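Report on the following structure.
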Amino acid sequence: MNKTAACIYCKKLGKAQRDGINILGNFICSTCEEKMINTKCCSTNYIYYINGLKKIWRCLGD
Ligand SMILES: [Zn+2]
């Protein structure tokens, strides 16, 4: 389970579970993961990332 995947945000290619995180098949590179963690609430970036995650959260049912 170490195939190359494209980040759902920046489309950068990376190895899932090595260069980032993989949530239900959606790869997020370490750069975008770090941005999400450091992004403050209510900023434009926050909205951008949350919108991208909505489809994932919908699958999680929470
Ligand atoms: Zn990325």
Side-chain angles (χ1 to χ4, degrees):
M1 298 298 286
N2 199 25
K3 59 186 177 183
T4 302
C7 174
I8 62 173
Y9 293 119
C10 68
K11 310 299 183 187
K12 190 179 84 173
L13 295 176
K15 297 279 189 181
Q17 300 176 344
R18 278 195 54 184
D19 300 325
I21 57 175
N22 195 317
I23 303 175
L24 299 176
N26 296 285
F27 175 65
I28 302 174
C29 72
S30 56
T31 303
C32 292
E33 180 188 5
E34 197 172 314
K35 283 180 184 174
M36 275 193 293
I37 294 169
N38 294 327
T39 299
K40 299 285 193 297
C41 179
C42 303
S43 74
T44 304
N45 279 344
Y46 179 82
I47 302 298
Y48 172 76
Y49 285 112
I50 292 303
N51 281 336
L53 278 179
K54 273 181 182 174
K55 53 190 172 186
I56 301 175
W57 287 338
R58 205 173 293 140
C59 292
L60 294 174
D62 188 44

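If you're wondering where the values come from, they're calculated on a predicted model, not measured in any experiment. Note: hydrogens, waters and symmetry copies are ignored here, and every other heavy atom, side chains too, is used.
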Least distance between heavy atoms, C7 atom then I28 atom: SG-CA, 4.1 Å
For T31 and K12 the tightest heavy-atom approach is OG1-NZ, 3.6 Å
Which atoms form the tightest heavy-atom contact between Y9 and C32, and what is the distance? CB-SG, 3.8 Å
On a heavy-atom basis, the closest approach of K11 and I8 is NZ-O, 3.8 Å
